[in-house]
Amino acid sequence: MVRSWDAAVERAQDRLAAGPRLRVVAVGDEQRFALWDLASLVEGGLGERVAPDGLAPEAERRWRERLGESGREWPGGELYRRRYWVLDEGGAVAGTVAVDNWTRGPGQLAVSSLYVIPEARGRGLAAGVLEEVYAAAVAEGLPGFRLETHWTWPHAVRYYLRRGLWVVGWKRSLALARMPQLPLYQVREEDGWLHLLVADRARGWVPMLAAGREGRWLRLDETPDYRAADGWVHEYARSTLALHLALEGRPLVRGPQWWAEAWRWSDAGEPEGLAYRIEQFEQSARAAGRPVVGPQDPPTAPVAVPGLADSGDG
């Protein structure tokens, strides 16, 4: 039983620091980390790639101005999170990650600043980091980890879903998590429908939800297993399938009456709530002058969301 979340987080941080994949950012190296973090923000928020170690002060200033509030450098960041370099197979720096010094949600490690330089991608470095963070959390009695990403960062969104993370909210951005209480899941397409299935040791892959199209609207069907599922799966399965639907450009709204009450799920829950938040996410991005991938079809009603290009493995 965990008696102190803070003490458990500190022990988990020590496990990460002692592992082979990560190296703690040393005193005096904070500015370099900040430039690598900026490169991640530029690629995610503006769709452009920069070499972090080649950024001159004037170039850094311009990028931060273009990013606006999201590009602001926060002094004293080491007080609330521990920052790590991600190392490649030869021990060279290939990326960054940070873990907060306190928990989020139901006592989870909070992950941020996960970034791997383009030339080191496709080798499983980011996936290895997420596995190591999860293992450290569970070893210290913490319920996994949680991270947030932006709807307008399609590469990151798709990547985290490929890693099997569950969608646990979308209040200010997309919140995803991996927890021991949540089983592995799959989303499969069959005859035009998307099916969410969870792993069961005795029964294999068990169907929970199925989503299809009825004209311009969403149809969402529950299975008896979903209705009998425990609270964790029951709470997050709908949110998770909703994000998969959104990335496929499928309808998220079951009809005008559902859309009229979409605001009720603006933090998490029903797919209409995700459609409601996506509109706001995209409006904010456009207002800030950031690129947004638009809907597949000209929108005549808020029933469908963008279909986005896939990205490579981080």
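- Pro291 approaches Gly45 most closely through the heavy-atom pair CD-O, 3.5 Å.
- Under the salt bridge (Lys or Arg N to Asp or Glu O under 4.0 Å) criterion, Arg254 pairs with Glu270, Glu272, not counting sequence neighbours.
- Between Glu132 and Gly19 the shortest heavy-atom distance is OE2-CA, 3.6 Å.
- Apart from Leu197 itself, the hydrophobic cluster it occupies contains Leu184, Trp205, where clustering links Ile, Leu, Val, Met, Phe, Trp and Tyr at side-chain heavy-atom distances under 4.5 Å.
- The shortest heavy-atom contact between Gly144 and Pro180 is N-CD, 3.8 Å.
- For Gln257, the CD atom counts as loosely surrounded, since its 6.0 Å shell holds 12 or fewer non-hydrogen atoms of other residues, nucleotides or ligands.
- Note that OG1 of Thr223 and NE2 of His195 are 11.0 Å apart. Values are rounded to the nearest 0.5 Å.
- Checked against side-chain contact (heavy atoms from CB on, under 4.5 Å), Thr103 has the following partners two or more places apart in sequence or in another chain: Trp5, Val9, Leu142.
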### Task
For side-chain contact (heavy atoms from CB on, under 4.5 Å), just list the numbers for Arg32 and Trp85, CA-CA rounded to whole Å, side-chain angles, deciding distance to a tenth of an Å, and then say yes or no.
CA-CA 10 Å; Arg32 186 188 181 200; Trp85 296 115; 3.8 Å; yes

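- Here the CZ-CG distance, from Arg83 to Asp29, works out to 9.5 Å after rounding to the nearest 0.5 Å.
- Leu87 and Val25 fall within a single hydrophobic cluster, where Ile, Leu, Val, Met, Phe, Trp and Tyr are joined by side-chain heavy atoms under 4.5 Å apart, directly or via other members.
- No single ILVMFWY cluster, assembled from side-chain heavy atoms under 4.5 Å apart, contains both Val24 and Val93.
- Pairing each heavy atom of Ala39 with each of Pro52, the nearest pair is CB-CB, 4.0 Å.
- Counting heavy atoms from C-beta outward, Leu209 and Glu222 have side chains that approach closer than 4.5 Å.
- The side chain to side chain donor-acceptor pair (under 3.5 Å) check on Asp88 picks up nothing, with sequence neighbours excluded.
- Looking at heavy atoms from C-beta onward, Leu252 lies out of side-chain contact with Tyr276 at the 4.5 angstrom threshold.
- Between Pro251 and Leu245 the shortest side-chain heavy-atom distance does not fall below 4.5 Å.
- Each of Arg163, Arg178, Arg21 was compared with Glu131 under the salt bridge (charged side-chain N to carboxylate O under 4.0 Å, His left out) criterion, and only Arg178 meets it.
- Under the rule for a side chain to side chain donor-acceptor pair (under 3.5 Å), the partners of Asp14 that lie at least two apart in sequence or sit in another chain are Arg82.
- Distance CD/Glu60 to CG/Leu55: 7.0 Å, rounded to 0.5 Å.
- For the side chain to side chain contact (heavy atoms under 4.5 Å, CB included) with Val129, the qualifying choice from Leu16, Val97, Thr96 is Val97, the only one to do so.
- The backbone N or O of Gly44 lies less than 3.5 Å from a partner atom in the side chain of Trp153, making a donor-acceptor pair.
- Side-chain heavy atoms closer than 4.5 Å link hydrophobic residues (I, L, V, M, F, W, Y) into clusters, and following such links, possibly through other members, connects Leu125 to Leu147.
- There is a path of hydrophobic side-chain contacts, each under 4.5 Å, that joins Leu196 to Leu182.
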#### Entry: Evaluation steps, salt bridge (charged side-chain N to carboxylate O under 4.0 Å, His left out), between Glu48 and Arg66
CA-CA 12 Å; Glu48 300 185 43; Arg66 286 186 61 187; 3.2 Å; yes

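- Contact annotation: the side chain of Gln13 approaches that of Val99 to within less than 4.5 Å [non-hydrogen atoms, C-beta and beyond].
- Scanning both residues, Arg64 and Gly71, for their nearest heavy atoms gives NH1-O, 2.6 Å.
- Minimum interatomic distance between Pro118 and Glu43 (heavy atoms only, all atoms of both residues): CG-OE1, 4.5 Å.
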Contacts table for residues 165-173: side-chain donor-acceptor under 3.5 angstrom, sequence neighbours left out:
residue	atom	partner	partner atom	Å
Trp166	NE1	Pro183	O	3.0
Trp170	NE1	Trp265	O	2.8
Ser173	OG	Glu148	OE1	2.9

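- Applying the ring-ring contact (aromatic ring centres under 6.0 Å, His included) rule to pairs touching residues 91-146 yields nothing, sequence neighbours excluded.
- In this structure a side-chain-to-backbone donor-acceptor pair under 3.5 Å is present from Arg121 to Val116.
- Cluster annotation: Val50 is not connected to Trp36 through the hydrophobic network of ILVMFWY side chains, with a link wherever side-chain heavy atoms come within less than 4.5 Å.
- A heavy-atom distance below 4.5 Å is not found between the side chains of Trp63 and Leu41.
- The salt bridge (charged side-chain N to carboxylate O under 4.0 Å, His left out) analysis of residues 184-205, with sequence neighbours excluded, yields the pairs Glu189-Arg250, Arg203-Asp225.
- Each ring-ring contact (aromatic ring centres under 6.0 Å, His included) pair with one or both residues in residues 220-252, not counting sequence neighbours, appears once here: Tyr185-His244, Tyr226-His234.
- The side chain to side chain donor-acceptor pair (under 3.5 Å) search around Glu58 returns Arg61, not counting sequence neighbours.
- Every pair passing salt bridge (charged side-chain N to carboxylate O under 4.0 Å, His left out) that includes a residue from residues 101-112 is listed here, sequence neighbours excluded: Asp100-Arg104.
- To the nearest 0.5 Å, atom OG of residue Ser284 and atom NE2 of residue His150 are 11.0 Å apart.
- Contact check on Arg81 versus Asp37 returns a salt bridge, with a Lys/Arg side-chain nitrogen under 4.0 Å from an Asp/Glu carboxylate oxygen.
- Note: Ser266 OG to Leu274 CG = 11.5 Å, rounded to the nearest 0.5 Å.
- Using a 4.5 Å cut-off on side-chain heavy atoms (C-beta onward), Arg213 and Arg219 make no contact.
- Considering only heavy atoms from C-beta on, Val86 comes within 4.5 Å of Leu22 through its side chain.
- Around atom CD of Glu10, no more than 12 heavy atoms belonging to other residues, nucleotides or ligands sit under 6.0 Å away.
- You'll find the side chain of Arg146 stays beyond 4.5 Å of the side chain of Leu176, heavy atoms only.
- In this structure, CZ in Arg286 is found 5.0 Å from CD in Glu282, a value given to the nearest 0.5 Å.
- Residues that satisfy the side-chain contact (heavy atoms from CB on, under 4.5 Å) test with Arg264, not counting sequence neighbours, are Glu261.
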